[in-house]
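Quantities reported herein were computed from a predicted structural model and do not represent experimental measurements. We use all heavy atoms of the structure for the numbers below, so side chains are in, but hydrogens, waters and symmetry mates are not.
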Amino acid sequence: MEPILGEFLKNLHHLENLLKKRAYNFGVKNVELPFGDLLSELESRGDVLVKKYWIDLSRLREIRNILKHPHHSLTVLPTEICQERLKEIIEIFEKRLKAEDIMTKDVKKATVDSLISEIIKTMVINNYSQIPVVDSEDRVIGLITEWSILKWLNRKIDEKILELDVKIAEVGFFTEKDGVYKLVPRKLELEKIQEIFINSYETQPEPLLALIVTQSGKVHEKILGIITSEDAFLKTKQSK
């Protein structure tokens, strides 16, 4: 076997193993599928990365089939461009950013007993537009936002009563919790995170303010971090 062909097949095998790991993470019970079926399974389950590089992956599948089942009268070798593209695809699938890579880990949190005055100070000092509200077990139960505080202040002004040393339970942040944040798993990929924000802005009356990161995106899990649209788009661009 030609050294070039041997290296190319080795890299293809590595890519196939990466796809099998992804399939397992996407809930595929039998990952020992043919290369093409593996791609189709991931695409049908909404794998954003597979969808994005579908053409490249499909071409590599065709090349793989030719190399695996060569015609007896033909000698086929991958071009240099093909080899380099395969290496690029492998690097992409190995090193894609995930939620845990871009989230703010040192999350400033509040409870229903936190004072409005302290929350406002925290927001101003850290330039935050929202802060997660957690229960006694550090599970997210809502989001205190600039808008919820402003609405509360406006109501108090109308009532000619303004007292900031009160608990945030009085702000009524619970009325805003549906739709303004979403729980996501720590291994969720950047492309899917960006897609979630884009879909929110395109389809929802109120934009998504933040993604709350937990181990697997479940409500009973502790908060691990928070992602804003700035984290998902601006910061990741600057880091590239």
Side-chain angles (χ1 to χ4, degrees), residues 1-103 105 184-199 201-202 211 213 216-217 225 227 229-240:
M1 182 184 292
E2 292 279 349
I4 293 175
L5 180 56
E7 181 184 0
F8 189 77
L9 289 174
K10 180 181 177 181
N11 286 335
L12 271 175
H13 182 66
H14 180 45
L15 175 60
E16 187 172 8
N17 284 334
L18 289 174
L19 292 172
K20 287 179 180 179
K21 290 179 181 178
R22 293 177 71 82
Y24 179 80
N25 291 334
F26 271 83
V28 178
K29 293 181 179 179
N30 176 26
V31 298
E32 298 303 325
L33 298 170
F35 193 88
D37 292 343
L38 203 57
L39 291 179
S40 297
E41 191 69 40
L42 285 166
E43 192 273 341
S44 68
R45 290 175 182 254
D47 187 327
V48 177
L49 204 56
V50 167
K51 288 182 178 180
K52 183 175 182 179
Y53 294 97
W54 180 260
I55 294 177
D56 289 296
L57 291 167
S58 297
R59 287 173 178 169
L60 287 170
R61 179 199 49 151
E62 293 171 2
I63 295 171
R64 176 185 179 278
N65 290 340
I66 293 173
L67 295 175
K68 287 282 187 178
H69 309 285
H71 192 280
H72 70 279
S73 62
L74 295 176
T75 300
V76 180
L77 290 176
T79 65
E80 184 176 341
I81 293 177
C82 184
Q83 294 177 69
E84 290 303 314
R85 187 54 179 160
L86 174 55
K87 291 177 182 177
E88 289 173 3
I89 292 294
I90 287 174
E91 184 176 353
I92 287 168
F93 275 81
E94 281 182 330
K95 299 182 178 180
R96 296 312 297 175
L97 292 174
K98 296 179 175 60
E100 61 186 359
D101 299 317
I102 64 171
M103 69 184 184
K105 297 177 182 178
V184 297
R186 66 186 183 91
K187 293 296 184 181
L188 190 67
E189 294 180 342
L190 173 61
E191 287 83 3
K192 185 62 178 178
I193 291 169
Q194 292 175 333
E195 185 180 273
I196 290 172
F197 276 111
I198 291 171
N199 287 342
Y201 279 102
E202 291 179 346
L211 297 178
V213 183
S216 55
I227 299 172
S229 57
E230 180 182 351
D231 297 322
F233 293 95
L234 299 182
K235 288 183 181 179
T236 52
K237 282 185 178 181
Q238 293 168 2
S239 64
K240 291 182 179 180

Pairing residues for [X] by the side chain to side chain donor-acceptor pair (under 3.5 Å) criterion, not counting sequence neighbours:
{"X": "S58", "answer": "W54"}
{"X": "S216", "answer": "E221"}
{"X": "K21", "answer": "none"}
{"X": "E80", "answer": "none"}

Find out whether [X] and [Y] are in side-chain contact, i.e. whether some heavy atom of one side chain is under 4.5 Å from a heavy atom of the other.
{"X": "L57", "Y": "L15", "result": "yes"}
{"X": "Q83", "Y": "L86", "result": "no"}
{"X": "I193", "Y": "I102", "result": "yes"}
{"X": "F93", "Y": "L19", "result": "yes"}
{"X": "L188", "Y": "I196", "result": "yes"}

(request) Could you list all the side-chain hydrogen bond (donor to acceptor under 3.5 Å, both in side chains) pairs where at least one residue sits in residues 31-42, not counting sequence neighbours? (result)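 Qualifying pairs, neighbours excluded: K20-E32, E41-R45.
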Any residue meeting salt bridge (Lys or Arg N to Asp or Glu O under 4.0 Å) with [X], in chain and number order, not counting sequence neighbours:
{"X": "K52", "value": "none"}
{"X": "E62", "value": "none"}
{"X": "D56", "value": "R85"}
{"X": "R64", "value": "E16"}

[X] versus [Y], closest heavy-atom pair with distance:
{"X": "V31", "Y": "A23", "answer": "CG1-CB, 3.9 Å"}
{"X": "E43", "Y": "K51", "answer": "O-CE, 3.4 Å"}
{"X": "K192", "Y": "E195", "answer": "NZ-OE2, 2.9 Å"}
{"X": "Y201", "Y": "S229", "answer": "OH-OG, 4.1 Å"}
{"X": "F8", "Y": "L60", "answer": "CZ-CD2, 4.2 Å"}
{"X": "I63", "Y": "C82", "answer": "CD1-SG, 3.3 Å"}

Output the distance between atom [atom1] ([X]) and atom [atom2] ([Y]), rounded to the nearest 0.5 Å.
{"X": "Q194", "Y": "N199", "atom1": "CD", "atom2": "CG", "answer": "12.0 Å"}
{"X": "Y53", "Y": "I89", "atom1": "OH", "atom2": "CD1", "answer": "6.5 Å"}
{"X": "L211", "Y": "M103", "atom1": "CG", "atom2": "CE", "answer": "12.0 Å"}
{"X": "R61", "Y": "L12", "atom1": "CZ", "atom2": "CG", "answer": "12.5 Å"}

(request) Decide side-chain contact (heavy atoms from CB on, under 4.5 Å) for L9 and H13; before the verdict, give the C-alpha distance in whole Å, the side-chain angles of both, and the deciding distance to 0.1 Å. (result) CA-CA 6 Å; L9 289 174; H13 182 66; over 6 Å; no
Test side chain to side chain contact (heavy atoms under 4.5 Å, CB included) applied to [X] - qualifying residues, sequence neighbours left out:
{"X": "K87", "result": "E7, N11, E84"}
{"X": "E94", "result": "H14, L18, I90"}
{"X": "I198", "result": "E202, F233"}

(request) Show the numbers, then the answer: is there a side-chain contact (heavy atoms from CB on, under 4.5 Å) between E88 and E91? (result) CA-CA 5 Å; E88 289 173 3; E91 184 176 353; 5.6 Å; no
